[in-house]
2 protein chains.
Amino acid sequence: MQNKNKTVVRSMDVLNLFLTHTKLSMNEMVKLSGIPKTSVHRMVGSWEEMGFLHRDAEGTYSLGLLFLQFGNLVAERLDIRHAALPAMERLRDAVGEAVHLVLRDGEEAIYIEKLDTNHPVRLFTKIGKKAPLYAGASSRIILAFIPEEEREAYLADLALEPISSGTIIDKALLRESLERSRATGYSFSRSELESYTAELSAPIFDHAGRILAAISIAGLEVTFDEERLPELVCRVKAAADEISTQLGYRRP
Amino acid sequence: MQNKNKTVVRSMDVLNLFLTHTKLSMNEMVKLSGIPKTSVHRMVGSWEEMGFLHRDAEGTYSLGLLFLQFGNLVAERLDIRHAALPAMERLRDAVGEAVHLVLRDGEEAIYIEKLDTNHPVRLFTKIGKKAPLYAGASSRIILAFIPEEEREAYLADLALEPISSGTIIDKALLRESLERSRATGYSFSRSELESYTAELSAPIFDHAGRILAAISIAGLEVTFDEERLPELVCRVKAAADEISTQLGYRRP
DNA sequence: ATTATAGTTCCGCAATTCGGAACAACAATG
DNA sequence: CATTGTTGTTCCGAATTGCGGAACTATAAT
């Protein structure tokens, strides 16, 4: 793993521009990436030949349909997604808020499935979105339940950066929150990743009792009032437990 | 476009192995691809660094979660998919068969959305699946409605290869079928891509009257009997027209 | 006619990739 | 416990490949 194709990895810079831009001309890519024109030209030609970029009639580029194929393969092969979907739908219908499924990916959490509501004002999370393990209810419930050594290693040289108005940036407070989550079996966050939003999350375990993912209810902060919380906590934990059971988990 | 990063394009061979394999070890990739061990090692390292491959605990590789992100971006940016989904759902519920949305992609057709049924025996199409433009109802309805010059250019040096038991391999028959489709506004296929299956498809047009996609009802051949066809034809054409209208198409 | 802008090609230099071979780590076997 | 096999990783000299400034083409705007 020391050895890599630098050219290949470098070309990724061009592809990444399409995470934030739908269509780009050759020149726009040159300007945005800061890579010499000739090199961009070569890289784009390669991505196009592979099918990851598509050139339309006017000569502008967008992401290729090949991503549909690979993307769906990945989605299909994630069996936790299959196991979780029905319970997620029921939870969404019961609480009328968006429901998310979140996986750990190294030192980050990644949103792999979402169910939206029909509210005129709604939270809109992108699948594939990442968050650090210390911010947001889903991330933190994962952090709370990973093995202690891993957690300590992560916390040891962690720099807490504020992401939104409510992000926890005090390590002592973070540890306290993790303790509480382990004790109560859920975690709650207010405006940690996005202002005016709140997230309530419970852990999903595999047959061996290891944390595998988190399921969460997310919505506007104002709708998560004190009276409503107990019911939501109960429901999200029930949904999480249902999925865990399906994956072979037996409560200790 | 003459100039390409050969290294980058060559690495695609390794990634493509994952279209047919869920997990692969380093050695399996070496054997399957026929590329020297050292080179595979380098390529895999690059894909991993980019996030397109993921290495699990046992040292085997699978497609990375990054594909979820890119795949969903592509899906979201295809506005025809948004426009078509509600009509597709209603069609699926009305006829109780799988419903597909198919786009043209150069000289091929590509399935970009599917709605499955709950039948115990059901057709299962993968999103991203490709088919030549001459085989299958959806492919052929697209071929029937593209501009005449393009169609003639395609037909000119076309070698008709049988794909399944019912594939049309006679160019005269193909032309005849295309004529009929243009006249009737739908196309029907039996066992052209997959034995024992049938597909019934209607064209979707954009505001300028160009064919943009095809919608189709697909299922087991035995369930598409003569008495049922007229109703199915009516329904699939209605769904297609609805989507076309939504995209700004006005019937001539 | 002139200037500007985007896209493409050329080409010599140098950095990167190539791949055989050797090595390390580990499991299976006699 | 030595031996053989399997898999993953590193080394290194040869040479292919990528690099990028510059020049060229095409088309649009002034």
Side-chain angles (χ1 to χ4, degrees), chain A residues 1-66 77 105-106 149 208, chain B residues 1-66 77 105-106:
Chain A
M1 255 276 287
Q2 317 279 44
N3 220 355
K4 264 163 272 175
N5 285 31
K6 295 195 184 180
T7 313
V8 180
V9 175
R10 225 183 338 248
S11 328
M12 193 65 196
D13 291 348
V14 170
L15 206 56
N16 277 333
L17 295 176
F18 288 87
L19 289 176
T20 45
H21 299 79
T22 306
K23 308 182 100 195
L24 287 171
S25 70
M26 195 69 77
N27 231 37
E28 289 168 323
M29 293 187 242
V30 172
K31 280 173 188 157
L32 286 168
S33 66
I35 300 169
K37 203 199 282 211
T38 317
S39 299
V40 172
H41 200 261
R42 236 178 295 117
M43 292 168 182
V44 168
S46 308
W47 288 124
E48 187 186 356
E49 172 152 334
M50 288 190 270
F52 284 129
L53 281 184
H54 175 260
R55 181 198 172 109
D56 65 24
E58 303 90 50
T60 59
Y61 289 83
S62 51
L63 292 174
L65 295 176
L66 185 58
R77 288 171 184 175
D105 188 21
E149 317 132 43
Chain B
M1 255 272 287
Q2 317 280 43
N3 219 356
K4 264 162 272 173
N5 284 27
K6 296 197 183 181
T7 313
V8 179
V9 174
R10 232 194 321 261
S11 321
M12 192 65 196
D13 291 348
V14 170
L15 205 56
N16 278 333
L17 295 175
F18 288 87
L19 289 176
T20 46
H21 299 79
T22 305
K23 307 181 103 196
L24 288 171
S25 70
M26 194 71 76
N27 230 37
E28 289 168 322
M29 293 187 242
V30 172
K31 280 173 188 155
L32 286 169
S33 66
I35 299 169
K37 202 198 283 211
T38 316
S39 301
V40 172
H41 200 259
R42 236 177 296 116
M43 292 168 182
V44 169
S46 309
W47 288 124
E48 187 185 357
E49 172 151 333
M50 290 190 268
F52 285 128
L53 282 183
H54 175 258
R55 181 198 171 109
D56 65 24
E58 303 90 49
T60 59
Y61 289 83
S62 51
L63 292 174
L65 295 175
L66 185 58
R77 288 170 184 174
D105 188 19

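No hydrogens, no waters, no symmetry mates; every other heavy atom, side chains included, goes into these values. In the text below, chain A, chain B and the rest are named by the order of the sequence lines, each starting its count at 1.
- Rounded to the nearest 0.5 Å, atoms CE (A/Met26) and NZ (A/Lys31) are 13.5 Å apart.
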In the 5'-to-3' direction, what one-character label does each nucleotide of nucleotides 12-21 of chain D receive under the scheme B = base within less than 4.0 Å of a protein heavy atom, S = sugar-phosphate only, - = no such atom? -----SSBBB

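- Here the shortest heavy-atom pairing between B/Glu49 and A/Val9 reads OE2-CG1, 3.4 Å.
- Between B/Phe18 and B/Tyr61, the closest heavy-atom pair is CE2-O, 3.2 Å.
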What is the per-nucleotide protein-contact pattern of nucleotides 23-30 of chain D, from the 5' end, where B denotes a base atom under 4.0 Å from a protein heavy atom, S denotes such proximity for sugar-phosphate atoms only, and - denotes neither? --------

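- Side-chain contact between B/Ile35 and B/Val30 is absent, with no heavy-atom pair separated by less than 4.5 Å.
- Here A/Leu53 contributes atom CG and A/Thr60 contributes atom OG1; the two are 11.0 Å apart, rounded to the nearest 0.5 Å.
- Rounding to the nearest 0.5 Å places CG of A/Asp105 at 9.5 Å from CG of B/Leu66.
- Contacts classified as side chain to side chain donor-acceptor pair (under 3.5 Å) and involving residues 15-27 of chain A (residues at least two apart or in different chains) are given here: A/Lys23-A/Asp56, A/Ser25-A/Glu28.
- Taking B/Thr7 as the reference, A/Asn5, A/Val8 meet the side chain to side chain contact (heavy atoms under 4.5 Å, CB included) condition, with sequence neighbours excluded.
- Taking atom NE2 on B/His41 and atom P on D/dC11, their separation rounds to 12 Å, with Å as the unit.
- Protein atom CD of A/Glu58 is 16 Å distant from nucleotide atom P of C/dA6, rounded to whole Å.
- Taking the side chain as every heavy atom from C-beta outward, B/His54 and B/Leu65 never approach each other to under 4.5 Å.
- Under the 30°/60° scheme for interplanar angles, the aromatic rings of A/Trp47 and B/Phe52 are found to stand perpendicular.
- Shown for residues 17-34 of chain B: residues whose heavy atoms fall under 4.0 angstrom of DNA chain D, namely B/Ser25, B/Met26, B/Asn27, B/Lys31.
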